[in-house]
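Worksheet: one structure, shown below.
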There are 4 protein chains.
Amino acid sequence: MTKGEETRQFIVERSAPIFNTKGIAATAMSDIMAATKLSKGSLYVHFENKEDLAAVVVDYNMQLLAEKVLDTVNSHTNAKDRLFAYFDFFLDSQHSPVVGGCPMMNFGTEADDTNELIRAKVNDVINSSQGIIRDIIEQGIRDGVFKADWNYKEFATVAFAMLEGGILIIRVAGHNAKMKIINKTLKEMVMQQLT
Amino acid sequence: MTKGEETRQFIVERSAPIFNTKGIAATAMSDIMAATKLSKGSLYVHFENKEDLAAVVVDYNMQLLAEKVLDTVNSHTNAKDRLFAYFDFFLDSQHSPVVGGCPMMNFGTEADDTNELIRAKVNDVINSSQGIIRDIIEQGIRDGVFKADWNYKEFATVAFAMLEGGILIIRVAGHNAKMKIINKTLKEMVMQQLT
Amino acid sequence: MTKGEETRQFIVERSAPIFNTKGIAATAMSDIMAATKLSKGSLYVHFENKEDLAAVVVDYNMQLLAEKVLDTVNSHTNAKDRLFAYFDFFLDSQHSPVVGGCPMMNFGTEADDTNELIRAKVNDVINSSQGIIRDIIEQGIRDGVFKADWNYKEFATVAFAMLEGGILIIRVAGHNAKMKIINKTLKEMVMQQLT
Amino acid sequence: MTKGEETRQFIVERSAPIFNTKGIAATAMSDIMAATKLSKGSLYVHFENKEDLAAVVVDYNMQLLAEKVLDTVNSHTNAKDRLFAYFDFFLDSQHSPVVGGCPMMNFGTEADDTNELIRAKVNDVINSSQGIIRDIIEQGIRDGVFKADWNYKEFATVAFAMLEGGILIIRVAGHNAKMKIINKTLKEMVMQQLT
DNA sequence: TATGAATGAGCCTTCATTCAT
DNA sequence: TATGAATGAAGGCTCATTCAT
């Protein structure tokens, strides 16, 4: 990594929690200056403009979340355990995975009507998130852990929606009581598909 | 209603879709000027500042959505029909109920970390939304439509989360394919509780 | 006094300390609204504009001060006592006579380069203030209290200047230590002219 | 001096007469823009806000006056001559030393009740101004020019007050007739203390 | 006489961006 | 690559004033 690439990456990492917390519109380049302690001019050496930086940061935030989820999931081998690990990951998402909440929801709601580029990025990640759930279940069916006739594609969508809805609730509530219910419900739905 | 109250209400109505679509931070008072064709000074006759206006508009948007949902629900008497009407209401929410998407999600995600007043407002409405679902089911149990041992309080939370997650998906996707799955799943869950 | 004249006078009285404390430029019509609890329109019924009101208030403040000084002076008959009462009046002027300090100095410094009308008003009162001192001394000479060859016209100017300079010092200092020195000095100068 | 420091100083110099003439409240940043021909944004590169600029300008104006007075005083060596030079300096102050009049009086009267920071600054300079007079006299006493028992500390205060009062009079009057009287009186008071 | 809604110019300040060094 | 001075449009807001009621 050249010096330039390093600085660029540094800017992205420092900007990520700010954009995710305040939103793109409410984040000023001066916020990035303060967080990186870089000069105004320096920022523009690495990014054409705020929109450019925001796009990279959106990717970074979503990727960071995906990596953390996968890390957790991959610490298990049994498909059921992997699925449960996925659900449990969001149990305390009020505080942990990425500062500022779920980037899909944050940037998705901000961009849906106003920023086609970011809207498309978020859509891709929403789809691949459901894909991850599907992949786990497919493996489970191949391993004989889950029933072969499970309509798991629909479940993947339902599970993803429930988790996102849960994230909204717990972030606005400030506690995760309702996410526990969602977690329990999802696990029960999975248990019914065990062979 | 005095002239002033009329103007104030007019400003709120014209501002509502703008705030809901662009977000609070990205909405400028000049946007409101353009939408209302009122002068800058006139806006400040009726609202102390942008934050004050935003707070009223957030309430208005959430209330508007709630009223539309209730109107739909109340066109039915049978608890099952009422519940199904609730779910169906969001089937095409990509376009209809309130311009710009679900205000609970839009303002909730924008405000969760940055605006305590609005966060609390959204939290109240999220809770009462689940309360509406609970009320319908309670009536259904009293009427003997639903099983008495249904853990309906948890279902209300699950249903709410699924619908919100679904709204995120369809707004980012630009189509409601996934909401159909959610709708179907919710209805199946209800059917299992019929007496 | 008609109702209108009463209201007009009421506005002036309530505005006086505000203008004298904050200055004309820094006083907003909304400050007057708050102080009088009158509506915006009502203010403009009684005064053409802010400048008009300010001019009347400047007069009022200076007249109020003059009256208070004269009241104090007139509680004595002997010329020396009258002069000393005049000097003593300003000993604690840090707090008392008119809220906000000496209006001649306040409005004089604000208006000297920018408001010809007010500048002229202040100039008149500055002159008549020295006239008051001259009048007292003339009476004292007639009464045989003061030496007939006293160059009292110059003394009147010197005394006035010293008092105004003293007011500046004590208002900026927040205490009247230096005014005591000025007071003592003035009295000594008078004592030398006693017959 | 870096480019930035140069510009900052340039802004201060151009702003100084404007603030001193119109007052802080009545001076708009657009006035500074016009006087410096700098852009609005550029002003805020060098000063956090108007208050910050005003504080620096107040210092600059008072320092400028002090320097000019000291230059005049220092062109003499004999204590009596130095004192007379000090008094003469203000004889034509209606036009000369600093555009807009005495900054101690201008900013002192504007700030006394409303701006603690500036009030304190002015107070410091008022005190050191009297200190200058005291220093001259102390030297004169050491040199045997003035009587050793002169209560010169009180005189310093009296002289300062008389000059400030005189400045008020001549600025409001538009001519310096009264300052001539004050000048003459001060010189006579000094003459009485010659050995 | 009194009200308060309406106005638009102007206020201070922040913004994203550019560019010479 | 990095700096920070410079820009000017745009931001939220306040101002003095007008006018229909």
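Within every chain, numbering begins at 1; the chains are lettered A, B, ... in the order of the sequence lines, protein sequences first and strands thereafter.
Distances shorter than 4.0 Å separate none of the side-chain N or O atoms of S30(B) from OP1 or OP2 on dA10(F). Within the 4.0 Å cut-off from OP1 or OP2 of dC13(F), at least one side-chain nitrogen or oxygen of Y44(B) is found. The phosphate of dT1(E) (OP1 or OP2) has no side-chain N or O of T7(C) nearer than 4.0 angstrom.
Among all heavy-atom pairs drawn from K121(B) and D59(B), the shortest one is NZ-OD2, 2.7 Å. Here the closest non-hydrogen pair linking L43(D) and M33(D) is CD2-CG, 3.6 Å.
Looking at which nucleotide of DNA chain F each of G41(C) and L43(D) is closest to, the 5′-most match is held by L43(D). Both K37(C) and A28(D) sit near DNA chain E, but only K37(C) has its closest nucleotide nearer the 5' end. Toward the 5′ end of DNA chain E lies the nearest nucleotide of V45(C), the other residue of the pair V45(C) and N49(D) mapping further downstream.
Ionic pairing of D31(C) and K22(C) is present here: one or more N-O contacts between side-chain nitrogen and carboxylate oxygen are shorter than 4.0 angstrom. With respect to the salt-bridge test (charged N to carboxylate O, under 4.0 angstrom), the residues E6(C) and K3(C) do not qualify. Using a 4.0 Å cut-off between charged side-chain N and carboxylate O, R119(A) and E116(A) make a salt bridge. Taking 4.0 Å as the cut-off between side-chain N and carboxylate O, R171(D) and D112(C) count as a salt-bridged pair.
Computed from coordinates, the E48(D) CD to dC15(E) P distance equals 13 Å when rounded to whole Å. Rounded to a whole Å, the CD1 atom of I24(A) is 16 Å from the P atom of dC15(E). The CZ-P distance, from F47(C) to dA2(E), rounds to 12 Å in whole Å. Nucleotide dA5(E) holds its C1' atom 17 Å from the CD atom of Q9(B), rounded to whole Å. Atom CD in E51(C) sits about 18 Å away from atom P in dC15(F), given to the nearest Å. In this structure, I11(B) atom CD1 and dA5(E) atom C1' are separated by 10 Å, rounded to whole Å. Look at CD1 on I32(C): it is 11 Å from P on dC15(F), rounded to the nearest Å. Rounded to an integer number of Å, the gap from CE of M33(C) to P of dA2(E) is 14 Å.
Within 4.0 Å (heavy atoms only), K3(D) reaches sugar-phosphate atoms of the nucleic acid but no base atom. T27(A) comes within 4.0 angstrom of sugar-phosphate atoms only, judged by non-hydrogen atoms across all strands, and of no base. Using a 4.0 Å heavy-atom criterion, one finds that T2(C) contacts no nucleic acid atom at all. Counting any heavy atom pair closer than 4.0 Å across all strands shown, K50(B) reaches sugar-phosphate atoms only and no base atom.
Out of dT7(F), dC13(F), dA2(E), the shortest distance to the side chain of K40(B) is found at dC13(F). In the set dT7(F), dT3(F), dC15(F), dT3(F) carries the atom at the smallest distance from any side-chain atom of L38(A). With dA2(E), dA5(F), dT3(F) as the candidates, the nucleotide lying closest to the side chain of H46(C) is dA2(E). In this structure, of dT3(F), dA5(E), dT3(E), it is dT3(F) that holds the atom nearest to the side chain of S42(A). Here dA2(F) is the nucleotide among dT3(E), dA2(F), dT7(F) with the atom lying nearest to any side-chain atom of S39(A). With dA16(F), dA16(E), dT14(E) as the choices, the nucleotide that has an atom nearest any side-chain atom of M29(A) turns out to be dA16(E).
dT21(E) is paired with dA2(F) under the Watson-Crick or G-U wobble criterion, all donor-acceptor distances under 3.5 Å.
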